There are 2 protein chains.
Amino acid sequence: MHGAGRIKIVDVASEAGVSVTTVSHVLSGRRPVSATTRARVEDVIQRLGYQADPSARGLRTQRTRTLGLVVPDITNPFNTAIAAGMQEIALAHEYLTVVCEAPMDGPHLPAVIRQLVARRIDGIVVGRYGATRQDLDRITASGSKLVRLGGPLAPGLGDVVRAAETEGMYDLVSHLVGRGYRRIAYIGGARGVEPGEERFVGYRKALEAAGLPVHQELVAWTSFTREGGRAGATAVLTATEPPDAVVCANDLIAIGALDTARAAGLRVPDRVAITGYDDIEAASLVSPALTTVLNPAREIGRSAAQLLLDRLEGEGSGPAREIVLAHRLVPRESA
Amino acid sequence: MHGAGRIKIVDVASEAGVSVTTVSHVLSGRRPVSATTRARVEDVIQRLGYQADPSARGLRTQRTRTLGLVVPDITNPFNTAIAAGMQEIALAHEYLTVVCEAPMDGPHLPAVIRQLVARRIDGIVVGRYGATRQDLDRITASGSKLVRLGGPLAPGLGDVVRAAETEGMYDLVSHLVGRGYRRIAYIGGARGVEPGEERFVGYRKALEAAGLPVHQELVAWTSFTREGGRAGATAVLTATEPPDAVVCANDLIAIGALDTARAAGLRVPDRVAITGYDDIEAASLVSPALTTVLNPAREIGRSAAQLLLDRLEGEGSGPAREIVLAHRLVPRESA
DNA sequence: CAGGTTATGCAAAACGATTTGGAGAACGCG
DNA sequence: CGCGTTCTCCAAATCGTTTTGCATAACCTG
């Protein structure tokens with residue numbers, strides 16, 4: 001019924017003919033143990049399948065060997081790819097990863113952070129959204145290590161991992177220029193939303209570098225949805241001198257733009273090229289398949305976990321660090 | 001730095017002028033406490049923001065107040081929707097949810113299960129895939145509660161939650177019949193894979209019920225991919241007497257079938273209707289948008305968590321239970 | 001071989017909660 | 001008023017580790 005006789009460290013000790021102290025030391029390596037003793041103990045551990053009780057260990061060490069990830073939407077594949085990356089690194093170090101959903105609407109974030117802190121989660125990765133200074137402070141004040149996904153690098157707010165949005169868009173637009181496109185329009189999502197702004201900067205810089213002007217009538221701001229893409233595309237495609245390419249701030253917008261182009265009878269990419277950003281699954285499933293840019297989400301997760309583990313296993317303090325990861329261009333049919 | 005002075009139960013006790021025992025009792029309600037004392041203690045708890053240390057509590061109670069979900073692919077939105085549903089219920093009971101990825105290839109599953117069991121996770125939900133009897137036994141033997149997503153209801157193997165695949169497909173095909181389609185083809189994924197087989201049964205039964213024959217030349221078996229859909233559609237659409245509708249075992253197959261139809265110049269749904277199954281995000285993004293069936297993943301997660309909590313908080317034993325959830329037809333443009 | 005290191009292992013004290021056997025107070029009843 | 005019940009609350013034991021102060025044993029070094 002109730003796990004009958006789960007073996008404990010004293011069982012291992014007596015079976016191996018040593019004290020529990022010694023077993024603990026071969027486990028942690030905090031004090032030297034002779035090679036022969038160590039071998040005997042390890043053999044017994046193996047044979048009995050001993051695993052330290054995490055609660056007992058946690059009580060003593062004040063550590064849970066657990067990493068947390070907080071995201072606004074757990075069903076978004078980006079976020080889960082980040083989680084998968086974290087788990088990959090964490091499991092190798094015998095850490096568990098818990099991913100928590102804290103939707104943007106309402107005060108979910110503080111509540112979830114409180115939960116994680118109360119649980120003594122060793123390291124917490126906070127996704128990119130409205131985390132207040134107070135929320136983040138609560139994490140660091142509790143002794144948990146913090147990594148943010150994006151945002152400025154500030155002392156006392158943990159390390160940062162982010163993707164090179166600006167550079168990714170720069171590469172994409174340069175790619176289009178290289179393929180001969182000259183009048184390149186831009187459809188952005190809502191103004192002022194961080195990743196979107198950075199992408200727009202990349203767009204401007206790429207045009208600049210190619211000696212092309214930024215036509216005001218060729219940039220439209222809408223929302224990060226398919227509907228927004230439709231609206232933006234109508235605006236941009238009806239310009240007095242229409243564009244030969246439309247780059248969109250994300251894939252959903254691009255799919256909307258595809259709708260408008262199809263409705264208008266414009267063949268893609270022959271008459272007009274359309275590109276997305278993020279490489280969501282649907283990007284490769286629509287037709288023509290979208291040329292887009294891949295967000296290195298899994299790699300972001302790996303890096304974040306590694307940063308946390310460095311702080312936890314190695315020196316806890318030290319200056320805040322930032323890791324910037326490159327995006328990857330994914331050329332497909334739509335350009 | 002290190003959480004400075006986290007308050008413990010003795011702090012609460014002294015502040016409230018009672019013993020720690022009393023505080024514990026008002027927390028657990030295992031022994032009566034006078035109304036006035038209870039009020040005073042609860043007030044102090046509130047004011048000081050006391051939260052019991054989970055390790056200490058876990059050490060004593062042998063419980064972690066944590067639920068686990070094991071899935072083959074964490075980036076699959078189905079699986080994360082299940083996780084979201086679990087978390088919704090779990091959080092309300094102050095339980096945490098951890099979701100672990102154990103890919104199908106290789107012996108990941110036993111390793112992950114070992115991890116969870118070693119961590120004393122109170123309840124574990126195992127997704128639908130090759131879990132051996134031995135894997136599952138390890139869970140129940142450890143004292144953790146088990147819920148499986150699909151599979152037969154067997155004593156000693158925990159409770160089961162599953163979606164009504166057969167009925168879902170039955171409804172879909174009946175829907176087509178109701179709209180006047182008569183020669184309805186079927187493209188299945190690999191033979192012998194459980195959910196696929198059940199869906200095929202639903203297809204057969206629906207035709208039967210409508211008094212329509214199952215034409216052998218109108219059913220094709222391929223793989224659960226877009227490529228499979230293309231191949232299956234070519235086979236089925238070139239039958240001597242072509243179908244007026246093609247139902248596919250999942251959305252990816254349907255998207256592939258859409259490709260073939262488009263390539264052959266067959267307008268959808270005018271010349272031929274095409275339907276999917278699962279309602280992945282892309283189903284609504286392709287054009288024409290796919291008529292499909294929604295897998296109640298979030299609801300599955302909720303039910304699974306509820307089953308576990310029932311066992312954990314209420315009576316632990318009792319006969320194995322099974323919850324079957326209905327699918328929901330999502331009519332869109334492709335039919 | 002004396003004296004000083006270094007290796008090795010033990011016993012006991014934490015860690016912070018829950019739970020149990022009782023002690024003392026309050027109360028009802030004859 | 002005496003006695004038994006019921007309310008309250010307390011002190012102490014317990015959960016399974018890690019860690020620290022010591023006691024040996026083993027090993028150099030001159």
Side-chain angles (χ1 to χ4, degrees), chain A residues 2-42 44-45 48-65 94 117-120 122 142-143 312-313, chain B residues 2-42 44-45 48-65 94 117-120 122 142-143:
Chain A
H2 50 74
R6 183 155 166 156
I7 51 168
K8 331 179 242 195
I9 201 172
V10 310
D11 301 324
V12 174
S14 75
E15 175 78 11
V18 299
S19 76
V20 298
T21 313
T22 305
V23 177
S24 178
H25 284 152
V26 356
L27 245 28
S28 67
R30 298 184 67 88
R31 274 198 192 173
V33 172
S34 80
T36 70
T37 308
R38 160 183 308 272
R40 196 167 66 246
V41 170
E42 276 171 347
V44 172
I45 287 178
L48 269 50
Y50 167 73
Q51 296 241 210
D53 181 303
S55 293
R57 168 176 285 178
L59 175 56
R60 184 63 228 240
T61 62
Q62 304 292 27
R63 289 286 187 77
T64 52
R65 297 189 82 83
E94 305 229 271
V117 165
R119 288 263 184 171
R120 282 219 158 77
D122 297 328
S142 79
L312 290 169
E313 310 269 86
Chain B
H2 52 73
R6 183 153 164 156
I7 51 167
K8 335 181 240 197
I9 199 171
V10 312
D11 301 326
V12 174
S14 75
E15 174 78 12
V18 299
S19 76
V20 299
T21 314
T22 305
V23 177
S24 178
H25 285 331
V26 354
L27 245 27
S28 68
R30 298 185 69 87
R31 273 199 190 172
V33 172
S34 79
T36 71
T37 307
R38 160 182 309 270
R40 196 168 66 245
V41 169
E42 277 171 346
V44 171
I45 288 179
L48 269 50
Y50 168 73
Q51 297 242 210
D53 181 301
S55 294
R57 167 177 286 179
L59 173 57
R60 185 64 227 242
T61 62
Q62 305 293 24
R63 290 287 186 76
T64 52
R65 296 188 82 83
E94 304 229 273
V117 165
R119 288 261 184 172
R120 281 218 159 76
D122 298 327
S142 78

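All figures in this text were calculated on a predicted structure; none of them were measured in a lab. Note on naming: letters A, B, ... go to the chains in the order of the sequence lines (proteins, then strands), and numbering restarts at 1 for each one. The basis for the numbers below is simple: all heavy atoms, side chains too, and nothing from hydrogens, waters or symmetry mates.
If B:Lys8 and A:Val18 are placed on DNA chain C by their nearest nucleotide, the residue sitting closer to the 5' end is A:Val18.
Among D:dT18, D:dT8, D:dC10, the nucleotide with an atom closest to any side-chain atom of B:Ser19 is D:dC10.
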**Request:** Report the C-alpha distance between A:Ile7 and A:Glu15 in whole Å, list the side-chain angles of each, state the deciding distance to 0.1 Å, and finish with yes or no for side-chain contact (heavy atoms from CB on, under 4.5 Å).
**Result:** CA-CA 11 Å; A:Ile7 51 168; A:Glu15 175 78 11; over 6 Å; no
**Prompt:** Could you walk me through whether A:Gln62 and B:Arg6 pass the side-chain contact (heavy atoms from CB on, under 4.5 Å) check?
**Reply:** CA-CA 12 Å; A:Gln62 304 292 27; B:Arg6 183 153 164 156; over 6 Å; no
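Between the side chains of A:Thr22 and A:Ser19, at least one donor N or O sits under 3.5 Å from an acceptor N or O.
Interface remark: the A:Arg57 side chain does not form any donor-acceptor pair with the D:dT18 base, using a distance-only criterion of under 3.5 Å. Judged by distance alone, with hydrogens and angles left aside, B:Arg60 brings a side-chain donor or acceptor within reach of the base of C:dT18, the pair sitting under 3.5 Å. One can find a donor-acceptor pair under 3.5 Å joining the base of D:dA11 and the side-chain atoms of B:Thr21. For C:dG22, its base sits under 3.5 Å from the side chain of B:Arg31 at one donor and acceptor pair at least. Side-chain atoms of B:Thr61 stay outside donor-acceptor range of the base of C:dA17, with no qualifying N/O pair under 3.5 Å.
For the pair A:Glu94 and A:Arg65, the tightest heavy-atom approach, listed with the atom from each and the gap, is O-NE, 3.5 Å.
Atoms CD (B:Gln51) and P (C:dA17) sit 11 Å apart, rounded to a whole Å. Atom pair A:His25:NE2 and C:dT8:P shows a separation of 13 Å (rounding to whole Å applied). D:dA11 atom P lies 14 Å from atom CD1 of B:Ile9, rounded to whole Å. Regarding B:Ile45, its CD1 atom lies at a distance of 17 Å from the P atom of C:dG16, rounded to whole Å. Between the CZ atom of A:Arg40 and the P atom of C:dT8 there is a distance of 13 Å, rounded to whole Å. One atom, CZ of A:Arg38, and another, P of C:dT8, lie 10 Å apart when rounded to the nearest Å. Put simply, CZ on A:Arg63 is 22 Å from P on C:dA14, counting in whole angstrom units. Atom CG of A:Leu59 is separated from atom P of C:dA13 by 17 Å (rounded to the nearest Å).
In this model, the phosphate group of D:dT19 is approached by a side-chain N or O of A:Arg30 to a distance below 4.0 Å at OP1 or OP2. The phosphate of C:dG9 (OP1 or OP2) has a side-chain N or O of A:Thr37 nearer than 4.0 angstrom. Regarding contacts with the backbone of C:dG16, a side-chain N or O of A:Gln62 is found under 4.0 angstrom from either OP1 or OP2. OP1 or OP2 of D:dT17 has at least one side-chain nitrogen or oxygen of A:Tyr50 nearer than 4.0 Å.
Among the atoms of the strands shown, base atoms are found under 4.0 Å from some heavy atom of B:Ser24.
You'll find the side chain of A:Asp53 stays beyond 4.5 Å of the side chain of A:Lys8, heavy atoms only.
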